[in-house]
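Heads up, the thing below is written out as structure tokens.
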Amino acid sequence: LEDLLYQALNDPDAYVRGQAVYAMAKQDNVEYLSVLQQALADPELQVRLMVLDGLDQNEWSRLLLEQAQQDNDEAVREFATGKLAASTPR
């Protein structure tokens with residue numbers, strides 16, 4: 001399965017790349033951190049949003065959400081900010 005996910009990262013179809021990064025983010029595996037960081041630079045908005053959507057609350061997810069707050073697209077920045085706010089203890 002892992003080989004298929006890595007192959008999907010290079011697919012020309014943004015939907016396929018998005019599904020791959022979502023699956024990686026959902027596995028909560030810090031070994032995927034660098035791949036997910038790279039995916040946050042994907043030119044397609046939906047791929048970047050799928051990274052964020054798949055993240056759970058953990059320390060390395062917070063790093064990715066903070067990185068996404070610097071995105072050029074307002075939708076990505078707002079999604080990241082919302083997820084960070086939801087994960088902050090009150």
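Because only heavy atoms are used, hydrogens play no part in the values below, and waters and symmetry mates are left out as well, while side chains stay in.
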Path from [X] to [Y] over hydrophobic side-chain contacts below 4.5 Å:
X     : Y     : answer
Leu63 : Leu52 : no
Met24 : Tyr15 : no
Val16 : Leu45 : no

Would you name the heavy atoms of [X] and [Y] that are closest together and state the gap between them?
X     : Y     : value
Val51 : Ala39 : CG2-CB, 3.6 Å
Asp71 : Arg77 : O-NH1, 2.9 Å
Glu44 : Ala14 : CG-CB, 3.5 Å
Ala80 : Leu65 : CB-O, 3.4 Å
Val47 : Gly18 : CG2-N, 3.9 Å
Trp60 : Asn29 : CZ2-N, 3.5 Å

Hey, what do you get for [atom1] ([X]) to [atom2] ([Y]), rounding to the nearest 0.5 Å?
X     : Y     : atom1 : atom2 : answer
Leu33 : Glu59 : CG    : CD    : 11.0 Å
Gln46 : Asp53 : CD    : CG    : 12.0 Å
Leu84 : Leu55 : CG    : CG    : 9.5 Å
Arg17 : Arg48 : CZ    : CZ    : 10.5 Å
Phe79 : Asp73 : CZ    : CG    : 12.5 Å

Is it true that, when you exclude Asn72 itself, more than 12 heavy atoms of the residues, nucleotides or ligands shown sit nearer than 6.0 Å to its CG? no
Can you check side chain to side chain contact (heavy atoms under 4.5 Å, CB included) on Asp56 and Lys26, steps first, answer last? CA-CA 7 Å; Asp56 291 321; Lys26 277 298 187 193; 3.5 Å; yes
Can you check whether Gln57's main-chain N or O pairs, donor with acceptor, with Arg62's side chain at less than 3.5 Å?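 Checked: no pair found.
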Run the side chain to side chain contact (heavy atoms under 4.5 Å, CB included) test on Val21 and Leu40 for me, step by step, so that the C-alpha distance in whole Å, both residues' side-chain angles and the decisive distance to 0.1 Å come before the verdict. CA-CA 10 Å; Val21 295; Leu40 285 176; over 6 Å; no
Pairwise side-chain contact, Gln38 with Leu9, heavy-atom cut-off 4.5 Å (strictly under):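 SC-SC contact between Gln38 and Leu9 ruled out.
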